[in-house]
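Because the structure is predicted, anything quoted here is derived from the model rather than measured. Order of the sequence lines fixes the chain letters, A, B, ..., with proteins taken first and strands second; residue numbering starts at 1 for each chain.
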Amino acid sequence: MSENNGEIKRMMIILSKATLENVYAAFVLANGARMEGIDAEIFFTFFGLEAVHKKKLARLHVATVGNPAMHIPTMIGGLPGMEAFATSMMKKEMEKIDMPEVPEFLDILSASGVRMWACKLAMDMFHYKKEDLFEGIEDVITVGDFYKKSEGAGVHMLFI
Amino acid sequence: MERTIAGKSIAVNEEGYLTDFKQWDKSIADVLASEAEISLTPRHWEILGYLQNEYRNEVPLSIRKIGKSGVVDIKEFYQLFPKAPLKTATKIAGIPKPASCI
């Protein structure tokens, strides 16, 4: 940690999930970095791509099954409508604390200079095209490209 | 604690934010801006005025609110106050550092 006194210069965030709580975690961390003068980039891979897929990004849900912190029994969490219900509850609370919804948040990230990339392998797997994605996605890149972009002192990588 | 800014003794906290907005004036803003390597243009002043108004009205500041202010968009805000714009701009404006994560 003696390098730059451990100063964080850039956060490289990998988002692999599209549940609302994970997407928000990635977005808040990226935006918070920019607010502190730290560079931030997000690599969207696997289900994380849904957070930047134009037809899906506005309709992400909270996970109600397999999430003990929701305090909903798994059997009930799996009932029809539970995800939508939990999501609308969460969105109400988010608005109260001035948390933007996903489409607005993406625009904020873009305007704040967060660089965003889509994973080529996952794009191929889901048969997505770059035109399907939010305009703020700069390019579709490989894991190798992402590592290359992560070179340098004070760069930290985070997997969500 | 106290520090001398533009020839005046000013109360600041450990991060250098003014603790008494009444002590703020434009000469102090000029000094704090040059410390942040920013030379203030009329556009900067407009935004500083907006931030101070929000402070007077006790509106908590966030990047999202800046974007919706109609005074400046987020992109330009980052261009005018590079690095940490909200932290830098509030310091120059002589108001407290916002506690927002968004």
Side-chain angles (χ1 to χ4, degrees), chain A residues 4-5 7-11 13 20-42 51 90-116 134-138 152-155 158 160, chain B residues 13-17 32-40 43-44 46-48 50-51 53-93 95-102:
Chain A
N4 299 322
N5 292 319
E7 190 193 345
I8 301 174
K9 294 263 195 201
R10 184 154 37 104
M11 289 299 296
I13 298 166
L20 209 47
E21 67 273 27
N22 288 296
V23 172
Y24 272 122
F27 287 7
V28 170
L29 285 163
N31 179 60
R34 295 296 302 127
M35 285 176 71
E36 293 298 315
I38 298 167
D39 287 338
E41 304 189 18
I42 308 177
M90 189 160 157
K91 283 188 173 172
K92 268 182 207 150
E93 290 304 313
M94 297 265 188
E95 189 54 43
K96 277 188 213 160
I97 57 165
D98 202 27
M99 181 90 99
E101 291 207 29
V102 171
E104 186 193 343
F105 215 149
L106 280 169
D107 288 336
I108 292 177
L109 294 177
S110 247
S112 304
V114 175
R115 303 187 73 182
M116 294 182 259
F134 166 66
E135 295 78 13
I137 294 286
E138 250 178 84
V155 179
L158 191 63
I160 297 173
Chain B
N13 68 12
E14 52 295 339
E15 290 184 289
Y17 287 80
L32 295 175
S34 71
E35 284 174 3
E37 293 170 15
I38 293 168
S39 57
L40 297 173
R43 197 74 185 105
H44 289 94
E46 213 176 312
I47 293 157
L48 294 175
Y50 161 76
L51 294 173
N53 255 335
E54 294 294 278
Y55 170 68
R56 284 191 202 97
N57 297 328
E58 297 178 25
V59 180
L61 291 164
S62 68
I63 286 285
R64 185 188 193 197
K65 286 233 181 69
I66 299 283
K68 288 182 169 180
S69 65
V71 177
V72 61
D73 64 27
I74 294 172
K75 202 167 185 177
E76 191 190 0
F77 190 47
Y78 271 91
Q79 280 160 359
L80 291 169
F81 299 92
K83 290 183 182 166
L86 199 53
K87 280 171 74 179
T88 310
T90 48
K91 185 186 269 187
I92 298 169
I95 61 178
K97 183 173 94 171
S100 167
C101 290
I102 306 160

A.B. asks: Are more than 12 heavy atoms, taken from residues, nucleotides or ligands other than B:Lys65, located less than 6.0 Å from that residue's NZ atom?
C.D. replies: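 It does: B:Lys65 NZ has more than 12 such atoms within range.
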
A.B. asks: Can you say whether A:Ile97 sits under 4.5 Å from chain B via the side chain, the backbone, both, or neither, judging by heavy atoms?
C.D. replies: backbone

A.B. asks: A quick test of your reading: do over 12 heavy atoms of other residues, nucleotides or ligands sit less than 6.0 Å from CD of B:Glu15?
C.D. replies: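 Atom CD in B:Glu15 is crowded, with more than 12 foreign heavy atoms closer than 6.0 Å.
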
A.B. asks: Which residues, numbered in order, of residues 73-81 of chain B come under 4.5 angstrom of chain A by heavy-atom distance?
C.D. replies: B:Ile74, B:Lys75, B:Tyr78

A.B. asks: Contact part of B:Lys68 toward chain A, heavy-atom cut-off under 4.5 Å: side chain, backbone, both or neither?
C.D. replies: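 Just its side chain gets close to chain A.
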
A.B. asks: Between the side chains of B:Arg64 and A:Glu95, is the shortest nitrogen-to-carboxylate-oxygen separation below 4.0 Å, so that they form an ion pair?
C.D. replies: yes

A.B. asks: Could you check whether the rings of A:Phe105 and A:Tyr24 sit parallel, tilted or perpendicular, using 30° and 60° as the cut-offs?
C.D. replies: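 If you compare the ring of A:Phe105 with that of A:Tyr24, the planes turn out tilted.
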
A.B. asks: Restricting to salt bridge (charged side-chain N to carboxylate O under 4.0 Å, His left out), what partner residues turn up for A:Glu41, sequence neighbours left out?
C.D. replies: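 Result, salt bridge (charged side-chain N to carboxylate O under 4.0 Å, His left out) vs A:Glu41: A:Arg10.
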
A.B. asks: Name all residues meeting the salt bridge (charged side-chain N to carboxylate O under 4.0 Å, His left out) criterion together with A:Glu138; count only those two or more places apart in sequence or in a different chain, and write none if there are none.
C.D. replies: A:Arg115

A.B. asks: Can you list the residues that meet the salt bridge (charged side-chain N to carboxylate O under 4.0 Å, His left out) rule with A:Asp107, with sequence neighbours excluded?
C.D. replies: none

